[in-house]
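To start, the structure under review is shown below, and the notes come after it.
Numbers for residues simply follow the sequence, beginning at 1. Remember, it's 1-based here, ligands and their atoms both numbered in the order they're listed.
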Amino acid sequence: MPTELTASDALLLVDVQNDFCPGGALAVADGDAVVPVLNEWIAAAVQGGALVFASRDWHPADHLSFAEQGGPWPPHCVQETPGAAFHADLELPDDAAVVSKADRPDHEAYSAFDSGELGEKLQAASIRRLWVGGLATDYCVKASVLDAVEMPGLDVHVITDAIRAVDVAPGDGEAALKAMRGAGAILEHAEPA
Ligand code: VGL
Ligand code: ZN
């Protein structure tokens, strides 16, 4: 069950895109399992007047992170393709703010804070608590959370039942959780049913 949210809360949905879900170009095991959990948090955000942000990996077709350019990943989340679209079951409110990242060929960005736009909006709205879920734990969730904890006056909560890891090496997801906790993020565990 999500926490009760207010207008000083914001929810950040990280890269809940088709390419990171089963069947996608860079599928995360069980990636789509985050969707129903995040839908509950979205409902809580709408109910409480909290801001909702949805980041998306938004690569040009020749992005430097793709194998053809010598990068580590298969092509994924190419701008305007179905793989880059948000998962169809994600119930994004109409007024959710979409934050695109890594949208230039020669620059990688795992963090939703990369452009500065997200941080500015959180500050402008005097947000005190940020709730984070999405994909993937060991890349964009981790990088976004590590940037978020640097913002003064912002408590950062990771919704642990609403994240999944790529786990290129076994244990990467666990290590990312430790890194986020070590940096000051609060790991929110699901309440027992
Ligand atoms: C991501 C790998 C490559 C992510 C993005 O959203 O976590 N991972 N590009
Ligand atoms: Zn990417």
Side-chain angles (χ1 to χ4, degrees), residues 11-35 37-38 41 52-90 92 96-119 130-149 156 158-181 183 185 187:
L11 178 62
L12 173 59
L13 314 166
V14 177
D15 301 5
V16 186
Q17 292 167 276
N18 290 324
D19 271 343
F20 297 125
C21 292
L26 182 39
V28 173
D30 218 18
D32 54 347
V34 305
V35 172
V37 182
L38 290 175
W41 283 85
V52 178
F53 294 90
S55 70
R56 62 181 181 185
D57 216 26
W58 196 244
H59 297 316
D62 59 348
H63 192 248
L64 86 170
S65 77
F66 297 171
E68 218 173 278
Q69 274 64 240
W73 307 114
H76 62 279
C77 298
V78 174
Q79 294 169 12
E80 313 293 352
T81 64
F86 293 119
H87 191 288
D89 296 340
L90 187 69
L92 266 191
V98 174
V99 179
S100 299
K101 62 183 172 55
D103 55 356
R104 286 176 284 136
D106 54 350
H107 179 70
E108 177 60 305
Y110 289 133
S111 169
F113 286 85
D114 187 69
S115 74
E117 166 199 353
L118 174 57
L130 181 68
W131 303 83
V132 185
L135 305 169
T137 308
D138 34 359
Y139 291 92
C140 291
V141 171
K142 180 177 86 171
S144 300
V145 165
L146 294 182
D147 278 347
V149 295
V156 182
V158 180
I159 309 167
T160 58
D161 56 337
I163 58 177
R164 291 294 185 278
V166 180
D167 277 334
V168 170
D172 283 356
E174 280 305 315
L177 282 172
K178 272 193 196 144
M180 292 188 279
R181 193 178 53 214
L187 305 189

Between [X] (side chain only) and [Y] (backbone N and O only), is there a donor and an acceptor less than 3.5 Å apart?
| X | Y | value |
| --- | --- | --- |
| Ser65 | Trp73 | no |
| Asp19 | Ala25 | yes |
| Ser100 | Arg56 | no |
| Gln17 | Asp57 | yes |

Self-check item: Positive for salt bridge (charged side-chain N to carboxylate O under 4.0 Å, His left out) with Asp15, one of Lys101, Lys142, Arg164
Solution: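 Among the candidates, only Lys101 passes.
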Practice problem: Please determine if the Zn ion (ligand 2) has an N/O/S atom from Asp57 lying under 2.8 Å away. | Solution: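 Yes, within the cut-off.
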Quiz prompt | Every residue of the protein that comes under 4.0 Å of ligand 1, judged on heavy atoms | solution =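 Residues near ligand 1: Asp15, Phe20, Leu26, Asp57, Trp73, His76, Tyr110, Leu135, Ala136, Tyr139, Cys140.
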Exercise. Measure centre to centre between the rings of His76 and Phe20, then say whether the value is under 6.0 Å.
Key: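 Centroid distance His76-Phe20: below 6.0 Å, so yes.
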Practice problem: Sort out for me which residue in Asp32, Val34, Leu38 forms a side chain to side chain contact (heavy atoms under 4.5 Å, CB included) with Leu90. | Solution: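 Passing option: Leu38.
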Quiz item: Can you tell me the angle formed at the Zn ion (ligand 2) by NE2 of His76 and NE2 of His59, to 10°?
Solution: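 It is 90°, given to the nearest 10°.
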